Asks: 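Input: one structure, supplied below.
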Amino acid sequence: MKKVYYLKTCSTCVRILKELDLPSDFELQDIKTNPITETQLEALKALSGSYEALFSKRAKLYKEKGLKDQNLTEKDYKHYLLEHYTFLSRPVIVINDAIFIGNAKKTTASTKIALNES
């Protein structure tokens, strides 16, 4: 599978996608207009190892809901990821069995290497 979960209104996502210059066989899913499903989320969890790895603690709602002061479980992370798109650390790029989460420079560099190898 070659897929990207992103927000087309997020300038960082757009910049990274432009920088990666993905081949045309990638499927792009704007998670605002086409929300992530439970099945998709479970597949991402299988690749990443946990829901927490997919969860953005930098999301505005994370602070607004006071979640940083709570001891969240995997069940909680899954609930919030399905509840609102802003909790997904973006972009999430899947290349076959590899997953790249977030917008760190190191993550983008690793994604480029994987793209060259695929």
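Computed from a predicted structure; not experimentally measured.
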Asks: I'd like to check Lys78 versus Glu38 (side-chain heavy atoms, cut-off strictly below 4.5 Å). Are they in contact?
Replies: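 Lys78 vs Glu38: side chains touch.
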Asks: Run the side-chain contact (heavy atoms from CB on, under 4.5 Å) check on Arg58 and Asn103 step by step: do they pass?
Replies: CA-CA 12 Å; Arg58 292 170 43 192; Asn103 55 34; 4.0 Å; yes
Asks: Which heavy atom in Phe26 sits nearest to a heavy atom in Lys3, and how many Å separate them?
Replies: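 That would be CD2-N, 3.7 Å.
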Asks: Assess the pair Tyr62 and Phe55: is the distance between their ring centroids shorter than 6.0 Å?
Replies: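 Ring centres of Phe55 and Tyr62 closer than 6.0 Å.
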Asks: If you take all heavy atoms of Tyr80 and Leu72, which pair is closest and at what distance?
Replies: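 Scanning both residues completely, I find the closest heavy atoms to be CE1-CD2, 4.2 Å.
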Asks: As an exercise, state the distance from CD of Glu74 to NZ of Lys45, rounded to the nearest 0.5 Å.
Replies: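 Rounded to the nearest 0.5 Å, the CD-NZ separation comes to 6.0 Å.
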Asks: Are Phe100 and Leu17 in one and the same hydrophobic cluster, where Ile, Leu, Val, Met, Phe, Trp and Tyr link if side-chain heavy atoms are under 4.5 Å apart?
Replies: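 Result: yes, single cluster for both.
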Asks: Examine Tyr85 and Val4 and state if one hydrophobic cluster contains both, with Ile, Leu, Val, Met, Phe, Trp and Tyr joined whenever side-chain heavy atoms are less than 4.5 Å apart.
Replies: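 Different hydrophobic clusters.
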Asks: Determine whether Leu41 and Tyr6 fall in the same hydrophobic cluster, where Ile, Leu, Val, Met, Phe, Trp and Tyr are linked whenever their side-chain heavy atoms lie under 4.5 Å apart.
Replies: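 No, Leu41 and Tyr6 fall in different hydrophobic clusters.
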Asks: How about CG on Asp69, more than 12 heavy atoms from neighbouring residues, nucleotides or ligands closer than 6.0 Å, or not?
Replies: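 Counting neighbours around CG of Asp69, more than 12 heavy atoms of other residues, nucleotides or ligands fall under 6.0 Å, so yes.
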Asks: With rounding to the nearest 0.5 Å, note down the distance linking CG in Leu115 to CG in Asp21.
Replies: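 That separation rounds to 9.5 Å.
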Asks: To the nearest 0.5 Å, what is the distance between CD (Gln29) and CD1 (Ile36)?
Replies: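 Going from CD on Gln29 over to CD1 on Ile36, the span is 6.5 Å.
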Asks: According to a hydrophobic-cluster definition based on side-chain heavy atoms being under 4.5 Å apart (Ile, Leu, Val, Met, Phe, Trp, Tyr only), do Ile99 and Leu82 belong together?
Replies: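 Yes; Leu82 is reachable from Ile99 via cluster members.
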Asks: Sub-3.5 Å donor-acceptor pair from the side chain of Glu52 to the main-chain atoms of Tyr77, do we have one?
Replies: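 Flag not set: sc Glu52 to bb Tyr77 has no pair under 3.5 Å.
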Asks: Is there a path of hydrophobic side-chain contacts, each under 4.5 Å between heavy atoms of I, L, V, M, F, W or Y residues, that connects Leu61 with Leu67?
Replies: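 Leu61 and Leu67: one cluster.
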Asks: Which pair of heavy atoms, one from Leu20 and one from Ile93, lies closest together, and at what distance?
Replies: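 Closest heavy-atom pair between Leu20 and Ile93: CD1-CD1, 3.4 Å.
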Asks: To the nearest 0.5 angstrom, please state how far the OG1 atom of Thr37 sits from the CD atom of Glu42.
Replies: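 Thr37 atom OG1 to Glu42 atom CD measures 8.5 Å (nearest 0.5 Å).
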Asks: How far apart are the C-alpha atoms of Val92 and Ile31, what are their side-chain angles, what is the distance that settles it, and do they pass the side-chain contact (heavy atoms from CB on, under 4.5 Å) test?
Replies: CA-CA 10 Å; Val92 175; Ile31 58 173; over 6 Å; no
Asks: Step by step, would you call Lys65 with Gln70 a side-chain contact (heavy atoms from CB on, under 4.5 Å)?
Replies: CA-CA 10 Å; Lys65 289 182 174 247; Gln70 296 178 28; over 6 Å; no
Asks: What do you reckon, is NZ of Lys63 surrounded by more than 12 foreign heavy atoms closer than 6.0 Å?
Replies: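 Enclosed: over 12 neighbouring heavy atoms sit under 6.0 Å from NZ of Lys63.
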Asks: Quick one: pull up NZ in Lys60 and OG1 in Thr86 and give me the separation to the nearest 0.5 Å.
Replies: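 Answer for the NZ-OG1 pair, Lys60 versus Thr86, is 8.5 Å.
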Asks: Can you tell me if Thr111 uses its side chain to pair, donor with acceptor, with the backbone of Thr107 under 3.5 Å?
Replies: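 Yes: the side chain of Thr111 pairs with the backbone of Thr107.
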Asks: Rounded to the nearest 0.5 Å, how far does NZ of Lys18 lie from CD1 of Ile16?
Replies: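 Ile16 CD1 to Lys18 NZ: 13.5 Å, rounded to 0.5 Å.
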Asks: Nearest heavy-atom pair of Ala53 and Ile101: which atoms, and what distance?
Replies: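 Closest approach of Ala53 to Ile101: O-CG2, 3.6 Å.
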